[in-house]
Amino acid sequence: MKQDSTSNATYTVDCEDYVHVVEFNPFDSGEAGSLLAYGGISYVVIASCRFQEEDSAVEGIEFKTLKTFHHGERVVAIAWSPETRCDALLPLLRFATAAGDKKIRIFTSDFQDKNEYKVIEGHSGYINDLVFCSAEGSDIASVGDDHTCRIWDLDGKQIAMFVLRSPGMSVAWHPEGAFKLMVAEKTGTIRFYDLTTHQAILSLESVQVPLMSADWCIRNTLRIGAVAGNDWIIWEMPRSSYPQDNKPAHADRARLFRWSKCNENVFATTGYPGKMKSQIAIHHLAHPQPILIGTAPVGSGLSWHRRLPLCVVGGYRKLFFWLTEM
C-alpha cells in the first residue's frame, strides 16, 4: 500500500488472485471512504478505501476488505445497487454480477452474517454488462452476445426485452435521465430506450467498429463516450447522431471507456490486455494528447472514484490506482 513509481500507478493494493473487473460504488452509501468491489475467477471482494487526497489523517491509501463472496464462476461485470447503505440502522449491501455461465447473481448482505444471493437466468449468450436502472434499485438491465437487452426485477422476473442488431456491449443508466437507458451495440449503434414505454427514442452512430465499450457522462447528461477500433469517440446530444470528436487512443485496439465522475471533460480508456502489459490513458477534451499514460500487468476493468480524480484498474494480483490533476 505505497506510492508506486515503477508501474506509474499512484497506489497499488495486493490481491489474492487475478482481478477481472473492478467497480467503485458510484452512489453515496454513507461510508466515510469509498466502497469498491472487485471480482476474479470465482470470488467477489467488497472493500472500503480512503485516500490522503480526501482525508489528511490517511497516509497514501487505507484499504480494508469488508466481505468476500464465493462466486463459483468467473466474474464478467459488477453493478452496485443505489440501495447500499453503511450508515443505516440496518446496513445493506447489494450488488449484482454477470458471470461466465451467462447468469446474473444478485448478492444481498448486512455486512455481517446475513448473506443471500439470487441467480437470474434468461440470456442465451454471454452477458457483457449490467446496471441497476432505477433510483430505488428495483430493476436491473443487462446486455449480451445474444443480441438482447433485458430488464429484470429483483426476483428475477423479466420485465422487458429489447432485440438488438448485434451483441450488446455496454448498458448505462443516468440518475438525471431516470426513465432512459443507454444501450451500445458492437456494430457501432448506441440507442436510448424509454423505460416506461419500452420504445427506442434516439440513436447515435459510430463510424468505427467494433464498438467495445460506451459510457454516459454523469456530469453532463448530453455527453456520450465510447471506444471503437483504436479510437475514442464523443457525441454531444442532440446536435447530431454522428460523433462530435474522435481520436486514436490505443495502437492495440481500445477496450474500455469511462467518464470521470468529477469532471465532464475527463475520461479514461484502456487498451486490450496484451501478453504482459495493458495501457491506460487518461484524456482531457481540451488537450490534444492524453494527460496521463500508465501500464498495468494484464490489466482488466476500469472505474472512477465518485469524488476524486482517481481511477482504478485491476491486474494480476493487484489493484492499480491512478490519480490525475484536474
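Just so you know, residue 1 is the first one in the sequence shown, and it goes up from there. As the structure is a prediction and not an experimental result, all values here were calculated from the model.
Residues Asp146 and His123 bring a donor and an acceptor atom of their side chains to less than 3.5 Å of each other. Defined by atom type and a distance below 3.5 Å, a donor-acceptor pair is missing between the side-chain atoms of Ser166 and His147. Side-chain atoms of Gln199 and Asp194 include no donor-acceptor pair closer than 3.5 Å. Side-chain polar atoms of Thr270 and Gln279 form no donor-acceptor pair below 3.5 angstrom. With hydrogens and angles left out, the side-chain atoms of Lys67 and Asn115 include a donor and acceptor closer than 3.5 Å. At a cut-off of 3.5 Å, with distance as the only test, a side-chain donor of Glu31 or Ser48 sits close to an acceptor on the other residue.
Residues Lys318 and Val13 are not in side-chain contact: their nearest non-hydrogen atoms beyond the backbone lie 4.5 Å or more apart. Using a 4.5 Å heavy-atom cutoff, the side chains of Asn25 and Arg306 are not in contact. Residues Leu35 and Trp80 are in side-chain contact: their nearest non-hydrogen atoms beyond the backbone lie under 4.5 Å apart. Under the 4.5 Å side-chain criterion, counting only non-hydrogen atoms from C-beta, Ile127 is not in contact with Val76. Side-chain contact between Ile280 and Ile293: absent, with no pair of heavy atoms (C-beta onward) separated by less than 4.5 Å. Annotation: side chain of Val227 is not in contact with side chain of Arg255 (no heavy-atom distance under 4.5 Å). Between Thr65 and Ile46, every side-chain heavy-atom pair lies at or beyond the 4.5 Å cut-off. In this structure, the side chains of Lys186 and Met212 come closer than 4.5 Å at one or more pairs of heavy atoms.
Separation of atoms CG (Leu93) and OG (Ser81) is listed at 9.0 Å; rounding is to 0.5 Å. Within the model, atoms CG of Leu164 and CE of Met161 stand 9.0 Å from one another, a figure rounded to the nearest 0.5 Å. For the atom pair OG of Ser142 and CH2 of Trp152, the computed distance is 5.5 Å after rounding to the nearest 0.5 Å. The line from CD of Glu236 to CG of Leu222 is 7.5 Å long, rounded to the nearest 0.5 Å. Atom CG of Asn246 sits about 9.5 Å away from atom CD1 of Ile234, to the nearest 0.5 Å. Cys133 SG to Ile151 CD1: the interatomic distance, rounded to the nearest 0.5 Å, is 4.5 Å.
Although no hydrogens or angles enter the test, the distance criterion places no donor-acceptor pair under 3.5 Å between the side chain of Thr97 and the main chain of Ala99. Between the side chain of His284 and the backbone N or O of Ala286, at least one donor-acceptor pair lies under 3.5 Å. Ser29 contributes no side-chain N or O that, together with a main-chain N or O of Arg85, makes up a donor-acceptor pair within less than 3.5 Å. The backbone N or O of Phe24 sits less than 3.5 Å from a side-chain atom of Ser303, completing a donor-acceptor pair. Distance alone, capped at 3.5 Å, is enough to place a donor-acceptor pair between the Thr10 side chain and the Leu323 backbone. Judged by distance alone, with hydrogens and angles left aside, the side-chain atoms of His174 form a donor-acceptor pair with the main-chain N or O of Cys217 at under 3.5 Å.
For the pair Ala226 and Leu211, the tightest heavy-atom approach, listed with the atom from each and the gap, is CB-CD1, 4.1 Å. In terms of heavy-atom proximity, Asp153 sits nearest to Ile120 at O-CD1, 4.1 Å. Closest of all the heavy-atom pairs between Ser134 and Pro82 is O-CG, 3.7 Å. Summarising the geometry of Arg307 relative to Gly33, their closest heavy-atom pair is NH2-O, 3.8 Å, with the distance given to 0.1 Å. Nearest heavy-atom pair across Ala96 and Ile140 is CB-CD1, 4.0 Å. Nearest heavy atom pair, residue Ala200 against residue Arg191, reads CB-CD, 4.2 Å.
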message = Determine whether Phe107 and Lys118 satisfy the following criterion, side chain to side chain contact (heavy atoms under 4.5 Å, CB included), listing intermediate values before the conclusion.
response = CA-CA 7 Å; Phe107 290 83; Lys118 174 155 197 73; over 6 Å; no
request  = Under the side chain to side chain donor-acceptor pair (under 3.5 Å) rule, what do His70 and Ser42 come out as? Steps first, then yes or no, please.
outcome  = CA-CA 6 Å; His70 178 69; Ser42 61; 4.8 Å; no
message = What verdict does the side chain to side chain contact (heavy atoms under 4.5 Å, CB included) test give for Val143 and Ser170, after you've listed the backbone C-alpha separation in whole Å, the side-chain angles of each residue and the deciding distance to 0.1 Å?
response = CA-CA 7 Å; Val143 290; Ser170 294; 5.7 Å; no
key: side chain to side chain contact (heavy atoms under 4.5 Å, CB included) between Leu308 and Glu54, intermediate numbers included   = CA-CA 8 Å; Leu308 295 174; Glu54 59 185 337; 4.1 Å; yes
task = Evaluate the side chain to side chain contact (heavy atoms under 4.5 Å, CB included) criterion for residues Thr84 and Leu92: first the C-alpha distance (whole Å), next the side-chain angles of each, then the deciding distance (0.1 Å), finally the verdict.
result = CA-CA 5 Å; Thr84 294; Leu92 177 70; 5.7 Å; no
ask   = Between Tyr193 and Trp173, is a ring pair (Phe, Tyr, Trp, His ring centres under 6.0 Å) present by the stated rule, with each step listed?
value = CA-CA 10 Å; Tyr193 293 89; Trp173 175 82; over 10 Å; no
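By the criterion of side-chain heavy atoms lying less than 4.5 angstrom apart, applied directly or through intervening Ile, Leu, Val, Met, Phe, Trp or Tyr residues, Val183 is grouped together with Leu195 in one hydrophobic cluster. Val45 and Val75 sit in two unconnected hydrophobic clusters of ILVMFWY residues. Membership requires side-chain heavy atoms under 4.5 Å apart, directly or through other members. Note on Val131: it clusters hydrophobically with Ile159, by side-chain heavy-atom contacts below 4.5 Å among ILVMFWY residues. Cluster annotation: Phe162 and Met182 are assigned to distinct hydrophobic clusters (Ile/Leu/Val/Met/Phe/Trp/Tyr, side-chain heavy-atom contacts under 4.5 Å, transitive). Note: the hydrophobic cluster containing Leu130 does not contain Ile78 (ILVMFWY, side chain heavy atoms under 4.5 Å, direct or indirect links).
In this structure, Arg258 does not pair ionically with Asp215, as no charged nitrogen and carboxylate oxygen lie closer than 4.0 Å. Classification of Glu185 and Arg165 as a salt-bridged pair fails, no side-chain N sitting under 4.0 Å from a carboxylate O.
The ring of Phe257 has its center no closer than 6.0 angstrom to the ring center of Trp232. For Trp216 and Phe192, the ring centers sit closer than 6.0 Å to each other. Proximity of the aromatic rings of Phe95 and Phe69 is defined here by a centroid distance below 6.0 angstrom, and this criterion is met.
Around OH of Tyr316, the count of heavy atoms belonging to other residues, nucleotides or ligands within 6.0 Å does not exceed 12. Other residues, nucleotides and ligands contribute at most 12 non-hydrogen atoms within 6.0 Å of the CD atom of Glu16. Counting heavy-atom neighbours within 6.0 Å of Lys261 NZ, excluding the residue itself, gives a total above 12. Enclosure of atom CZ in Phe111 by more than 12 non-hydrogen atoms of other residues, nucleotides or ligands within 6.0 angstrom is indicated. Environment of OH in Tyr43: crowded, with over 12 heavy atoms of neighbouring residues, nucleotides or ligands closer than 6.0 Å.
A side-chain contact (heavy atoms from CB on, under 4.5 Å) with Met237 is found for exactly one of Asn220, Thr221, Leu202, namely Leu202. The residue from Phe321, Phe51, Tyr11, Trp322 that alone fulfils the ring-ring contact (aromatic ring centres under 6.0 Å, His included) condition with His305 is Phe51.
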